Amino acid sequence: MKPIRRPAWALPEHRVTAEASWRSRRRFLRESGSVLGMPLLFGLFNSDPPPPEPPILPERYPAPRNPTFTVARPTTPKELFLSYNNFYEFGTSKAIRAAAQALRLRPWWVRIDGMVERELELDAEELIRRMPLEERIYRFRCVEAWAAVVPWTGFPLRELVRLAAPRAGARYLRVESFLNPEVAPGQKQPWYPWPYVEGLTLAEATHELAFVATGAYGAPLERQNGAPLRLVLPWKYGFKSAKSIVRFTFTDTRPRTFWSQVVPQEYGFWANVNPAVPHPRWSQRTERLLGSDERVPTQLFNGYAAWVAELYRGLEQEPLFM
Ligand code: MTE
């Protein structure tokens, strides 16, 4: 995703003070401020990073594979999937893996609210514990025209909808990513409408393909891929798959999504994959497979038309493919 809107006063990223520098500067000021001398020494010896966190429920991986969801292409090499990412909270390049390790996953509060019978707030570990985990191999297609094949582990989004019990009148599910500029330097860029928000109709959210990933490649999800919880909607462009989710809200109003606020003429609400509808700045006819770099034809609904086309009957006037 390369949004073109960047105000003239915005510093280029290489001019922004590295997080490590301002962090250590703030820590220095804080720790040398109270009692002179001693705290200075203390500050010097107390600059260890926080201890590593244990992964969430590692004993649940690998989960049983659901044979209904397989892909004829080879799986994308794991290392590539783990190191070639879009996660604007941690930077606009693909190399955000190291920066994303600053995200703390414990505790990770998830709110389920809005038009529901039971509002809930629970820790991600508790939510995952309650859910039936399975492995599904899905095609993944970024709007930038690269594509992957990923063995996700997780649970059907409809299980979460069932847990929430939406009230009559709820028509959309709004999904919100975490907000913490202290760990996510991208969130200090005020021209983005943080936090990252995505949305689906309830018909989409309860579709069999809609998935909440908690893992990939037979292991708990890594931070750069959206730990502890992210959406996976294989018939839509990848930007619909919000990462590191903290809130699911049921509503009667179509949510204003992150990218539709940043570049409305390029990224809409629906974002279904279609080779015949070009992005305003590039063609969507073909896609580049991560790993081999082979270019192959893009498929309508990313190859899932037989599953999802009926969701869009009667909505032909909507901009379904941007
Ligand atoms: N979610 C959040 N919170 N922030 C993001 O920048 N990028 C999206 C999506 N989810 C993004 C996000 C885009 S554009 C893509 S293609 C996928 O995450 C990339 O997922 P991956 O890095 O796990 O392959």
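Nothing here was measured: the structure is a model prediction, and the numbers come from that model. All heavy atoms count here, side chains included; hydrogens, waters and symmetry mates do not. Each ligand, and each atom within it, is numbered from 1 in the order the structure gives.
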**Item:** Tyr267 ring center within less than 6.0 Å of Tyr237 ring center
**Value:** no
**Prompt:** Counting each atom of ligand 1 from 1 as listed, which ones have a heavy atom of Arg230 under 4.0 Å away?
**Reply:** 17 (C), 18 (O), 20 (O), 21 (P), 23 (O)
**Item:** Under-4.0 Å heavy-atom contact with ligand 1, by part of Phe258 that carries it
**Value:** neither
**Message:** Salt bridge check, Glu119 against Arg111: does any charged N sit closer than 4.0 Å to a carboxylate O?
**Reply:** no
**Asked** Would you call Glu79 and Arg97 a salt bridge, taking side-chain N to carboxylate O under 4.0 Å as the test?
**Response** yes
**Item:** Option set Gly238, Ser177, Ala184, criterion heavy-atom distance to atom 9 (C) of ligand 1, minimum
**Value:** Gly238
**Request:** Within a distance under 4.0 Å of any heavy atom of Ser241, pick out the atoms of ligand 1 and give their elements.
**Result:** 9 (C), 10 (N), 12 (C), 18 (O)
**Message:** Using a 3.5 Å cut-off on N or O atoms only, is Trp259 in polar contact with ligand 1?
**Reply:** no
**Prompt:** Would Gly226 count as a contact of ligand 1 if the rule is a heavy atom under 4.0 Å away?
**Reply:** no
**Location of contacts on Tyr196 toward ligand 1, heavy atoms closer than 4.0 Å** = side chain
**Request:** Compute the minimum heavy-atom distance from Glu198 to ligand 1 and say whether it is under 4.0 Å.
**Result:** no
**Prompt:** Do the ring centers of Tyr304 and Phe301 come within less than 6.0 Å of each other?
**Reply:** no
**For Asn85, atoms of ligand 1 separated by under 4.0 Å from a heavy atom** = 21 (P), 22 (O), 23 (O)
**Request:** Taking all heavy atoms of Leu200 and all of Lys236, pick out the closest pair and write down the distance.
**Result:** CD2-CE, 4.0 Å
**Asked** Is it true that Arg158 and Glu208 make a salt bridge, defined as a side-chain N closer than 4.0 Å to a carboxylate O?
**Response** no
**Asked** Are any of the N/O atoms in Lys243 less than 3.5 Å from those in ligand 1?
**Response** yes
**Request:** Taking only heavy atoms of Asn225 into account, list the atoms of ligand 1 that are under 4.0 Å away from them.
**Result:** 21 (P), 23 (O)
**Item:** Side-chain heavy-atom pair Thr298, Val273 within 4.5 angstrom cut-off
**Value:** yes
**Request:** Kindly check if the number of other-residue, nucleotide or ligand heavy atoms within 6.0 Å of CZ (Arg256) is above 12?
**Result:** no
**Fill in**
One finds that the ligand 1 atoms under 4.0 Å from a non-hydrogen atom of Phe239 are 8 (C), 13 (C), 14 (S)
**Fill in**
So CZ of Phe269 and OG1 of Thr201: to nearest 0.5 Å the spacing works out to 6.0 Å
**Message:** Out of all atoms in ligand 1, which are within 4.0 Å of some heavy atom of Cys142? Include the element for each.
**Reply:** 16 (S)
